[in-house]
Amino acid sequence: MTAALTFTTNEAAIVYTSRLMEEDRLYFVAIGGPPLLAILLAKQLRTPKIAYVVEDGTIAPEMPVPTPPFMVGAGLASSRAVAWTDMNTVDFHAGLGYLDYGVLAAVQVDEYGNFNSTFLGDDFDRPARRFGGPGGATEIASLCWRTILMTRLERRKFVKKLDFMSSPGFLDGSLGARERAGMPAETGPYRVVTERAVFGFDDETRRMKLLAVAPWSSIDEVLGEMEFAPLVAADVAPLDPPTEEELAMLRANIDPTGRTISGDWITLEDAGGTLRRAAAEPATTNA
Amino acid sequence: MTAALTFTTNEAAIVYTSRLMEEDRLYFVAIGGPPLLAILLAKQLRTPKIAYVVEDGTIAPEMPVPTPPFMVGAGLASSRAVAWTDMNTVDFHAGLGYLDYGVLAAVQVDEYGNFNSTFLGDDFDRPARRFGGPGGATEIASLCWRTILMTRLERRKFVKKLDFMSSPGFLDGSLGARERAGMPAETGPYRVVTERAVFGFDDETRRMKLLAVAPWSSIDEVLGEMEFAPLVAADVAPLDPPTEEELAMLRANIDPTGRTISGDWITLEDAGGTLRRAAAEPATTNA
Amino acid sequence: MAPNGKTIAVLDEGVGAYRAPDPDGMRRFVRDHKDRRLVDKRMTEQDAVSRFVDDGAYVSYDTNVWRRGPSSLMREVIRQRKRDLWLAAKFSAHDATLLTAGGCISKIDVGWMEVGRVITEAMNAGRLKMYEWTNGALAYRHLAGALGVPFLPLRYVGGTDVFRNSGAKLIEDPYTGQAVCLVPAVNPDVALIHVNQCDMYGNARIFGPGLAPVETAMASKRVILSTEEIIDSEEIRKHPGATTLPYYLVDAVVHAPFGCYPGTVPGLYRADLQHLMEFGVAQVQGKMDEYLEKWVFSVASHTEMLEKRVGLEKLNVLRAEETHTEGYYT
Amino acid sequence: MAPNGKTIAVLDEGVGAYRAPDPDGMRRFVRDHKDRRLVDKRMTEQDAVSRFVDDGAYVSYDTNVWRRGPSSLMREVIRQRKRDLWLAAKFSAHDATLLTAGGCISKIDVGWMEVGRVITEAMNAGRLKMYEWTNGALAYRHLAGALGVPFLPLRYVGGTDVFRNSGAKLIEDPYTGQAVCLVPAVNPDVALIHVNQCDMYGNARIFGPGLAPVETAMASKRVILSTEEIIDSEEIRKHPGATTLPYYLVDAVVHAPFGCYPGTVPGLYRADLQHLMEFGVAQVQGKMDEYLEKWVFSVASHTEMLEKRVGLEKLNVLRAEETHTEGYYT
């Protein structure tokens, strides 16, 4: 048996997310991070004409590839934009309905797509682990028409009850819950992407629904990694692994400084035509 | 007897207003008109360091003299500003309390300094005479700390009841009336300037009070030109006529195109040391 | 109602008519009708106005016929005999008079406008209804529309007849307990904005103080730009800080040199005072029909008006005599 | 109460602590303490911080220590051992960690911040209280402060734990009948803003996308600018369109080349990634005291830090390697 492919869980999520991009649409992202990398990858490989707006007021930039190191602090990240505005202005553009998709990373997510970027533990004032905070995620998840969430598939991340709801999904899932909370109509979470499974949301119940699973994983394995039981699509699609081309582009041009080399390594072996996962090893995580 | 001096009522009001300017203060004016001319005159003759902000977003310009023709449509009117912003921004600066004085022209004023820039008649929808509207006067008169009004002394202008209250003075004159209507505290009308008299407002009753009268006029003549009876200061001051220097500067540099040559001509004769008014003639009004 | 059953007192309300705010309606329009793609939006003034200005529309513009205003687009609106428009006249000039003389407007939200017998007569004839606001309050209502919210709090207009005849409310602020006004957002059906430069996609630059071009463009469902100059999109991307409006707000780009004529675009050409006098005389003498025939109806386009009615010689003078370019183009 | 006795329902309220909005208090401060004159406001960072940053102050800044932020002013705040500050961390970086390590802050309104053990330990020790907002909501609260109003309506934060732990309210919009949030204005006691250029009076220019420098400066009672470059006031008046902040908003002008170090000012110098790693390692190893001693307390000023701790050679490299100046300085 020969090793066919090796990638990290983080890389997988970026690749799968990039495949969800819809040509000619306008995306809203925070400054830096996997969501932006997914968009940059998509622009290189599949949907060159998507444009994105950054939380800091940068509108439709054309970042050069290979991308600059330390993106959040690089003038190049804002280069060749059509306009440099500010945070309030782009939030207003989102509020007016111009921004189709928001792409965000989440620490914890529940069955209605609500998510946590604030802390883990049972006491807000004395967090077991404190994170950066909602950042721009709450406005992006509230004002864009559709939200795509990125996270890892782990029981501690797909929870029945969030330690803290930083940003809204469908709230309690009841019809019109977002509108009753003051949010614009017809908005909400669209996809949740992990390294081995992609979820959507049921139109009727607004509950998370398993749509696709990696061939080297299984529905049972996926459900086993979740504290709540999602709906499962009648026809769960196979989630094609990252291709050599996708990984090469990601590593050489989108993330040359290797910030996405985190999470675990996944090695796939070609077992007589079917891909099988080799034993996992922890990744060398860079700062 | 020799003619000592000839000027128009409009010129007199501009001169008297210019004398009220306080050095180092920030003024708020609409685009063009007598208030701006009064400020420009003051900057030339008395208070060179006052600065002004224009409703269109121009902050602290240094307009060259002689001033350009058609000021409202002249790029030069905005020249050498420290910043070019927009209408909302400068209104916010006023709302934050940065703008000390507003200087405005009024069509009609009542005893509490409320004024009308909208129409004359008894039916808003079918006006006997329609004017331009409140313009920026309402925000200026509401948000600046003090408001200086310019108008002509006529019974039809100093009225018991306005045909329409476009902009606020002290409203009904009751204590806190402006605050109860949603306006910032400690603001309100400060002076009303006409060609022959200057008024202030009584601290207790907030009613208009006669402060100064031109020597060629009289308290009785002034009161005779008003529909309501203002308070009269214990010591009504003499209002020195425009000086040769003031008129020369106004005509040569501030208003070289003669837009202020409107209203009536006033000619003063030297009658053995006292100034006396010669027979009035209507002025040649320019467009 | 909250568990605690708290409420906010409405202390007073105006009784004026206004377009009811509908932020979600605006959002749906943007979702369904505004292009996120970089597409060539250049078109003639005829196409832009016929496609995006409907009878009965609420129309906003920036600035005015005296200075950096969309005069050529306004003349096209008159030429196409648009009807029953509701005009936002935030510091307008004689724009409102022209459109009234052309029979195009039936309602005006007024901040300030130059007024003569045309407007007074139209009001007295019942053809024109006026809604009194102020320049700032109108700019602020456009800001509310641009923020995507239904209203904004305001610390003036309260206590006046402007308030009484408006859609404003006076409430007890739940944070300070003090009285504060609320004014409704406005989302115009279409905005007419004249700019100094833009690219074919609508990325636009405005030089000089504005009234509220950004708020007006953001708040409006459709945005028609007329521009003195169309520049290469590469130039836009080289200087993102110089952009006033991003492309996705814009529906049409109309190349219109001297687009503000008879007004000025500071740094490019001065106002034609003789023309402004001709307009003034026409109004005083009750000859607006002749004025419109000469300057609007008898010519097929802005370009034809410039050629046949103004003339190259006059245009050259207007450019030559606009000697002050500092801060605009130098 | 209105004649009609109308009210607006308060549907829900957050229970978090916040600075009570006081627009009139802000106005009185501006009236009594802000200079309308063109006066020379240049001073040392020591004077600016000691004069305008009081213990217990609510402090806002723009942008952050990674990009165009007032790093040198923050270090001076630590050097002067300011205490009990309430920090507005709208998209901050490790700024909050530095100030926490320096013992300067007791409260944070957080949008986003880089977090490590310093902040987590301070929270668990009860030395640091966190108030959860979002980047946008904080920028918007500054906008409310800049508008001089007590609150603004907002179409998010409702329904979340951010709402529950905040000063936001959910009301029934009197215009649409729909639910909408209100968030309270914030008027910081002092703003620290790093700019590309300004004159001695405080007329300032910022290049590149901002977070909310204009709203932050307008909303704040005191504004301290650190600037890469002090330019002639004549240059400001030649290009009024390039001005980001007018002088009367500003209280102090501190000349601070490399003022964002170890962060970047795009177009001038790149970030010092080695320094950022040194900071990261110091935090992980629990050696923040040593880090602060080296970079803050053992040097008397920003200039001394640059000379003795960074060195001219490194500074030259950081400048030389910031090759992308397009849109900023070219």
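To find a chain, count down the sequence lines: A is the first, B the second, and so on, and within it residues start at 1.
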| said: So B:Arg180 and C:Asp12, do their side chains get closer than 4.5 Å, heavy atoms only? | reply: no
| note | B:Pro134 and C:Val162 have their tightest heavy-atom pair at CG-CG2, 3.8 Å
| message | Taking side chain as everything from C-beta outward and backbone as N, CA, C, O, which of these in C:Tyr328 sits under 4.5 Å from a heavy atom of chain B? Side chain, backbone, both or neither. | response | both
| task | Check the pair C:Arg117, B:Arg130 against side-chain contact (heavy atoms from CB on, under 4.5 Å), reporting the backbone distance first and the verdict last. | result | CA-CA 9 Å; C:Arg117 59 187 280 191; B:Arg130 170 75 211 192; over 6 Å; no
| Under 4.5 Å from any heavy atom of chain C - which part of B:Phe164 | both
| Do B:Ile31 and C:Phe91 come close enough that some side-chain heavy atom pair is under 4.5 Å? | yes
| Among side-chain atoms of B:Ser78 and C:Arg67, is any donor-acceptor pair under 3.5 angstrom? | yes
| query | Under a 4.5 Å heavy-atom cutoff, which of B:Asp86, B:Asp172, B:Thr89, B:Leu162 has the most pairs with chain C? | reply | B:Asp86
| said: I need the residue from B:Ser79, B:Ala83, B:Gly95, B:Ser167 with the largest number of non-hydrogen atom pairs under 4.5 Å to chain C. | reply: B:Ser79
| message | Under 4.5 Å from any heavy atom of chain C, what part of B:Ala74 do you find: side chain, backbone, both or neither? | response | backbone
| For the residue pair C:Met123 and B:Phe124, what are the closest heavy atoms and their distance? | CE-O, 3.3 Å
| message | Could you measure the distance from the CD1 atom of B:Ile140 to the OH atom of C:Tyr156? Nearest 0.5 Å is fine. | response | 10.0 Å
| query | Out of C:Gly263, C:Pro209, C:Ala179, C:Gly158, which one racks up the most heavy-atom pairs below 4.5 Å with chain B? | reply | C:Pro209
| request: First locate atom CD of B:Glu139, then atom CZ of C:Arg155, and finally report the distance between them rounded to the nearest 0.5 Å. | output: 14.5 Å
| Under 6.0 Å between the ring centres of B:Trp84 and C:Phe207? | no
| note | Scanning both residues in full, the closest heavy-atom pair of B:Gly75 with C:Pro266 reads CA-CB, 3.7 Å
| note | Here the pair of heavy atoms bringing C:Gly136 nearest to B:Met87 is N-SD, 4.0 Å
| query | Given that the side chain runs from C-beta out, which part of B:Leu76 has a heavy atom under 4.5 Å from chain C: side chain, backbone, both or neither? | reply | both
| In Å and rounded to the nearest 0.5 Å, what is the CG to CG distance from C:Asn124 to B:Asp125? | 9.5 Å
| request: May I ask you to decide whether B:Arg129 forms a salt bridge with C:Glu121, counting only side-chain N to carboxylate O separations under 4.0 Å? | output: no
| remark: Here the pair of heavy atoms bringing C:Leu276 nearest to B:Phe70 is CD1-CZ, 3.5 Å
| request: Side chain from CB out, backbone as N, CA, C, O: work out which of these in C:Asn165 comes under 4.5 Å of a heavy atom of chain B, or both, or neither. | output: side chain
| Atom OG1 in C:Thr134, atom CG in B:Asp91: separation rounded to 0.5 Å? | 7.5 Å
| query | Can you tell which of C:Leu211, C:Thr264, C:Thr120 has the highest number of heavy-atom pairs within less than 4.5 Å of chain B? | reply | C:Leu211
| message | With chain B as the partner, which of C:Gly208, C:Ala89, C:Ser92, C:Ala212 has the greatest number of non-hydrogen pairs under 4.5 Å? | response | C:Gly208
| note | Ranking B:Pro168, B:Ala30, B:Pro127 by heavy-atom pairs under 4.5 Å to chain C gives rank one to B:Pro127
| query | Of the backbone (N, CA, C, O) and the side chain (C-beta and beyond), which part of B:Glu179 lies under 4.5 Å from a heavy atom of chain C, both, or neither? | reply | backbone
| task | Return the option, out of C:Glu322, C:Glu215, C:Gln178, with the maximum number of heavy-atom pairs under 4.5 Å with chain B. | result | C:Glu215
| task | Please assess B:Phe92 against C:Leu143 for the test side-chain contact (heavy atoms from CB on, under 4.5 Å), listing each intermediate value before the final yes or no. | result | CA-CA 12 Å; B:Phe92 301 153; C:Leu143 178 66; 3.7 Å; yes
| message | For the interface with chain C, which of B:Gly136, B:Gly57, B:Ser166, B:Pro184 has the highest count of heavy-atom pairs at distances below 4.5 Å? | response | B:Pro184
| Taking every non-hydrogen atom, the tightest pair across C:Trp112 and B:Gly133 | CD1-O, 3.5 Å
| When you check the side-chain N and O atoms of B:Thr118 and C:Glu132, is any donor under 3.5 Å from an acceptor? | yes
| message | If I measure from the heavy atoms of chain C, does B:Ser117 come under 4.5 Å with its side chain, its backbone, both, or neither? | response | neither
